[in-house]
Amino acid sequence: MRKATRMAAAGLGVTSLMAISACGGGGDNGGGGDADANAWILTGGGWPAIEEDFNRWNESNEDAQIDVEGIENDSYKGQIRTAVGSGEAPTLIMSWTGGALLEYAEQDAVVDLTGETGDLEERVFDSVWQNGQVEDSTYAVPLNDVQPVVMYYNQEVFDEAGVEIPETWEDVEAAIETFNENDVAPFSLAGGSVWPALMWLQYLTDRHGGEEVFQAVVEGEEGAWDNESILFALETMQDLGENGGFIDSYNSVTADQNEDAQLLADGQAAMLLQGSWVYATINNDFPEFADSGNFGFTSFPTLEDGAGDPSNIVGNPANFWSVSADASEEEQQIAMDYISENLYNEETVDAMLEAGSLPPLNDIEEEIAATEDADFLEFSSQLVGDANNFQLSWDQAVAPEVAQPLTDNLSGILRGEMTPQEFVDAMNAL
Amino acid sequence: MTETASRSKTTGLGQKGPSFLMALPAVAFFGIFALIPLIGVVVISFMEWNVLGSPEWVGLTNWEAVLFDRPFTWTALGLTVTFVIGSYLFQAPVALLLGVFMAGQQRYRALLAVLYFLPLLFSSVAVGLTFQSLFSPNYGLSAALPFEWLPNDWLANSDLVMWVMIFVVGWCFVPFHGLLYQAGVRQIPASMYEAATIDGAGRLRQFFSITLPQLRYTIITSSTLMLVGSLTYFDLIYVLTGGQPADAVRILPLDMYVTGFASYNLGYASVIAVILVAIGLTLSLLLNVLSGSSKMDSDKAGA
């Protein structure tokens with residue numbers, strides 16, 4: 001689920017934020033100087049805090065400098081691929097795990113980190129940690145906040161229609177009927193951007209058939225897309241689109257400028273399924289709604305008779321660090337030290353919490369309780385902590401070549417130009 | 001173009017034009033930034049490459065696949081033709097009329113000219129985001145205006161989105177071509193119009209008999225830029241639609257980007273790129289021949 005960065009990509013801004021100078025104390029300290037490790041990070045969002053963290057590390061570790069460069073999100077994906085492919089990758093390789101990490105591991109482009117990560121494995125939520133593993137070996141470790149997809153709602157709209165917050169799919173169906181009688185859209189959806197609709201597909205598939213359904217797709221099982229749970233999810237989505245579940249114009253609503261969140265804040269829609277970052281968006285862009293006491297959040301409804309574990313969630317578990325196999329041993333050591341000694345240190349965790357984002361750690365309950373956004377952070381922390389499985393966004397989980405056709409075909413589903421069976425056939429044919 | 005041509009005639013007895021040495025920086029620049037990448041693209045079009053692994057030589061496989069086994073290539077080509085012709089039919093007349101108007105002496109002309117010129121100063125991303133807001137079904141034009149007949153799915157309706165894109169792209173580029181025409185009109189000697197007025201020609205007659213013929217080289221320049229420009233146009237379409245709805249505006253340049261950098265199929269993308277280059281070159285050559293610009297000369301001489 002790339003977070004609305006089309007426009008930035010078109011701007012082609014490869015902003016090199018800064019290359020931290022390693023010259024510091026002159027050349028009298030023997031080695032070190034030449035063998036700086038390096039890392040590419042992204043720009044915007046929570047990344048400045050990560051850069052700060054590197055700055056602090058460099059100040060206190062004269063002999064283990066790490067050069068940092070910031071790259072814009074969409075151009076990063078192309079650049080890192082080229083760099084890894086040509087053996088010129090930075091020492092620390094950032095990824096969203098999924099299909100890309102699998103390829104790195106298969107091509108031996110990244111180092112096995114099992115046993116090299118200090119106490120991180122105990123601190124990080126299991127459901128998040130699993131994403132960095134390939135066949136029981138750890139190839140990547142999370143580095144920032146966890147981003148589960150949750151259901152936001154507008155309490156005022158519910159009160160006016162006299163509806164309770166739905167907990168099961170039956171509740172949802174009843175609520176849709178009542179909302180439609182009251183001329184309010186049950187769900188806001190940025191169908192024009194397509195990726196927010198992927199969240200629906202993922203949750204519905206998981207609730208219906210459990211995480212094994214998509215796991216089979218990731219593992220490349222023959223015909224894995226042609227599964228009754230995926231078909232159920234696609235049919236349900238088309239039904240929501242045709243029968244007043246999603247807001248009328250959902251194919252024209254885009255997430256680039258947070259129109260989907262605005263519809264919720266304005267009371268034009270009762271609910272919105274979106275990533276945890278939308279919490280910050282609503283607080284920043286629609287403060288009146290955020291402070292009105294009507295802004296609520298809950299988990300995706302359960303499905304009666306569904307085979308999936310109702311504690312399962314979907315979203316982006318985090319961004320992850322891997323260590324490049326092409327780097328020198330000295331550089332690899334610096335990178336591993338940084339990972340095992342420095343990740344999720346106190347200052348960085350505080351900075352994340354202050355920004356309203358949640359590090360995927362199980363030992364920070366007190367810190368969370370002390371923040372301004374304690375309600376939301378506690379809610380998502382519990383959601384992630386209790387999750388039996390954290391499903392990485394499908395467009396990241398599949399092989400990079402498959403992500404675009406997935407988006408295109410899903411767009412066909414949303415627009416009613418493709419039947420669910422045509423969708424699964426097209427995906428199987430790839 | 002006309003200037004250098006005429007000058008070389010006056011300087012040249014034995015030698016035609018300045019020494020080749022003076023062109024060397026430009027030639028070197030062109031070689032490094034245009035020719036070498038172009039050769040690279042042609043080479044990659046014969047390879048299978050997903051960026052991550054190393055490229056593998058596959059001969060004509062990509063070409064066969066893109067040209068014969070991938071029906072979308074032809075759909076995209078058709079869309080491109082629609083886009084190029086549509087853009088031309090919209091931009092050319094508007095730019096011409098606007099240019100003629102701006103070259104005149106009307107009141108407030110300077111002020112209006114500045115206003116017309118504004119779109120050229122905006123970055124395409126800013127223009128894209130602004131139009132995205134305008135086309136929003138819930139907060140944009142359709143919601144603000146009381147006209148029932150206005151569609152509210154400007155960008156999501158696959159029958160409509162092509163025309164919307166032609167309009168938005170045209171909106172951005174008409175000022176530039178208007179400027180070209182303005183400059184062209186200003187160069188027409190006033191004596192021609194005076195003579196025509198004495199002969200009793202009305203404004204319309206003057207436009208068709210003096211202005212248009214005198215503008216013919218400007219028309220050729222502007223047309224070439226418009227046609228080749230819209231053939232390779234990418235950014236606004238990408239910002240506004242991201243190629244969705246997939247089958248409606250994915251013209252070749254966008255198709256090339258999506259194939260290469262979203263689906264990581266550099267081989268296919270390079271084939272599309274080579275096709276684009278071929279079409280672009282043919283088109284501009286054709287325009288040159290049709291317009292007889294090889295024998296283009298200054299038309300000041302007779303005036």
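Reminder, nothing fancy here: chain letters follow the sequence lines and each chain counts from 1.
- With a 4.5 Å cut-off on non-hydrogen atoms, Leu263(A) touches chain B through its backbone and its side chain both.
- When all heavy atoms are compared, the tightest approach of Gln257(A) to Leu129(B) is NE2-O, 3.1 Å.
- Sparse packing is recorded around CZ of Phe29(B), with 12 or fewer heavy atoms of other residues, nucleotides or ligands lying under 6.0 Å away.
- Atom CD of Glu56(B) sits in a sparse spot, with 12 or fewer heavy atoms from other residues, nucleotides or ligands closer than 6.0 Å.
- Within the 4.5 angstrom heavy-atom criterion, atoms from both the backbone and the side chain of Ser136(B) approach chain A.
- By the 6.0 Å contact criterion, CH2 on Trp171(B) is enclosed, its count of non-hydrogen atoms from other residues, nucleotides or ligands being greater than 12.
- For Thr259(B), no part lies near chain A; criterion is any non-hydrogen pair under 4.5 Å.
- The pair Arg415(A)-Asp153(B) does not meet the salt-bridge criterion, since no charged nitrogen lies less than 4.0 angstrom from a carboxylate oxygen.
- Side-chain atoms of Phe261(B) and Arg81(A), non-hydrogen and from C-beta on, never get closer than 4.5 Å to each other.
- In this structure, chain B has a heavy atom under 4.5 Å from the side chain of Val194(A), while its backbone stays farther away.
- Rounding to the nearest 0.5 Å gives a distance of 6.5 Å between CH2 of Trp49(B) and OG1 of Thr82(A).
- The shortest heavy-atom contact between Tyr264(B) and Gly78(A) is OH-N, 4.4 Å.
- Screening Val253(A), Asp248(A), Asp266(A) for a side chain to side chain contact (heavy atoms under 4.5 Å, CB included) involving Asn138(B) leaves a single residue, Val253(A).
- For a residue to count as touching a neighbouring chain, one of its non-hydrogen atoms must lie under 4.5 Å from one of that chain's; by this rule Ser158(B) touches chain A with backbone and side chain alike.
- Glu422(A) meets the salt bridge (Lys or Arg N to Asp or Glu O under 4.0 Å) test with no other residue; sequence neighbours excluded.
- Counting heavy atoms from C-beta on, the side chains of Tyr139(B) and Gln268(A) come closer than 4.5 Å.
- Interatomic distance, Ser263(B) OG to Leu406(A) CG, rounded to the nearest 0.5 Å: 11.0 Å.
- Not a single donor-acceptor pair under 3.5 Å links the side chain of Glu401(A) to the backbone N or O of Asn50(B).
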